[in-house]
Amino acid sequence: MKSEPAEFSIDDLAARPGQIEHWDGVRNYQARNMIRDQMKVGDGLLFYHSNCATPGIVGQAEICREAYPDFTAFDPGHPHYDAASSLESPRWLMVDVRFVRKFRRTITLAELKERPELAGLALIRRGNRLSVMPVTAAQWRFILSLE
DNA sequence: GCCAACGTTGGC
DNA sequence: GCCAACGTTGGC
């Protein structure tokens, strides 16, 4: 799962009460469907810092609440407001995530790209800008071994 | 700041 | 349904 560290970093997550935060702001249908259909309590996730000096994977968290309406879409004053989403028929969903650990170092995007074992990783496939992407068990293990 | 690679919008 | 215009993402 991607986040711009200037907006919300892994350190921000670690500093939250209970080290839990709702993952709001996903406004892409493909990403929403993954949130809705695939994320289960206890699933691990890799926390990726995007749009920053050193983009890369910085740590690990886990899903602690399954999909529910993204309430930031209901607030006209919120940057993620969407008039087409309502309490009765919510268009956008989010999960809650819990901090697990921060890596000793950032596993950089450049490094991920040069590893043949990760050639199929959704994150590095051309043009993939989704904020939420799947990781296979083998990719997961390999990425953790890089730390 | 540039620009590729998207996704969305809306006229037709 | 097509597609041009536009907006966004995000690496570099």
Side-chain angles (χ1 to χ4, degrees), chain A residues 1-16 19-39 43-63 65-136 138-147:
Chain A
M1 297 175 79
K2 289 186 198 170
S3 184
E4 302 189 15
E7 295 295 320
F8 186 74
S9 71
I10 187 131
D11 293 323
D12 294 327
L13 178 59
R16 282 289 190 270
Q19 303 189 310
I20 288 171
E21 182 61 295
H22 55 270
W23 200 274
D24 64 278
V26 173
R27 295 290 181 272
N28 171 285
Y29 289 106
Q30 207 181 331
R32 181 206 63 186
N33 294 348
M34 282 190 270
I35 287 172
R36 183 188 61 199
D37 303 332
Q38 291 175 240
M39 293 187 183
D43 284 352
L45 67 97
L46 298 170
F47 198 120
Y48 178 88
H49 280 175
S50 68
N51 203 14
C52 57
T54 308
I57 300 170
V58 292
Q60 197 181 333
E62 66 182 10
I63 306 298
R65 181 179 173 185
E66 286 169 22
Y68 64 104
D70 181 342
F71 51 75
T72 65
F74 305 145
D75 176 3
H78 197 280
H80 298 147
Y81 175 65
D82 181 358
S85 188
S86 66
L87 272 171
E88 300 72 30
S89 180
R91 173 174 294 190
W92 304 114
L93 303 172
M94 60 186 174
V95 290
D96 287 356
V97 304
R98 179 187 291 119
F99 176 81
V100 173
R101 69 191 185 97
K102 185 178 177 179
F103 291 163
R104 292 186 294 272
R105 65 180 191 90
T106 298
I107 302 170
T108 66
L109 176 62
E111 187 177 354
L112 297 172
K113 282 179 172 172
E114 69 189 20
R115 294 290 186 163
E117 295 90 342
L118 298 176
L121 188 67
L123 175 70
I124 60 173
R125 281 209 301 264
R126 199 178 67 110
N128 202 329
R129 300 168 310 147
L130 288 178
S131 59
V132 171
M133 284 170 289
V135 179
T136 69
Q139 289 164 346
W140 176 275
R141 286 191 298 270
F142 184 76
I143 289 167
L144 292 189
S145 81
L146 293 176
E147 183 193 1

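All figures in this text were calculated on a predicted structure; none of them were measured in a lab.
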Can you pull every protein N or O that's under 3.5 Å from an N or O on nucleotides 10-12 of chain C?
| unit_1 | atom_1 | unit_2 | atom_2 | d |
| --- | --- | --- | --- | --- |
| C/dG10 | OP1 | A/Lys2 | NZ | 2.7 |
| C/dG10 | OP1 | A/Arg129 | O | 3.1 |
| C/dG11 | OP1 | A/Tyr48 | OH | 2.7 |
| C/dG11 | OP2 | A/Asn51 | N | 2.8 |
| C/dC12 | OP1 | A/Lys113 | NZ | 2.8 |

Under the side-chain contact (heavy atoms from CB on, under 4.5 Å) test, residues paired with [X] that sit two or more places apart:
| X | value |
| --- | --- |
| A/Glu147 | A/Arg101, A/Phe103, A/Arg104, A/Ile107 |
| A/Ala15 | none |
| A/Ser9 | A/Pro5, A/Asp11, A/Asp12, A/His49 |

Nearest whole Å is fine: how far is [N] [atom2] from [X] [atom1]?
| X | N | atom1 | atom2 | value |
| --- | --- | --- | --- | --- |
| A/His80 | C/dT9 | NE2 | P | 8 Å |
| A/Asn28 | B/dA5 | CG | C1' | 13 Å |
| A/Met133 | B/dC6 | CE | P | 13 Å |
| A/Arg27 | B/dT8 | CZ | P | 13 Å |
| A/Leu123 | C/dT9 | CG | P | 16 Å |

Partners passing ring-ring contact (aromatic ring centres under 6.0 Å, His included) against A/Tyr29 (at least two apart in sequence or in another chain): A/Trp92
A/Asp70/A/Arg32 salt bridge by N-O under 4.0 Å criterion: no
Salt bridge (Lys or Arg N to Asp or Glu O under 4.0 Å) contacts in which one or both residues fall within residues 45-62 of chain A, not counting sequence neighbours: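 Listed by first then second residue: A/Glu62-A/Arg98.
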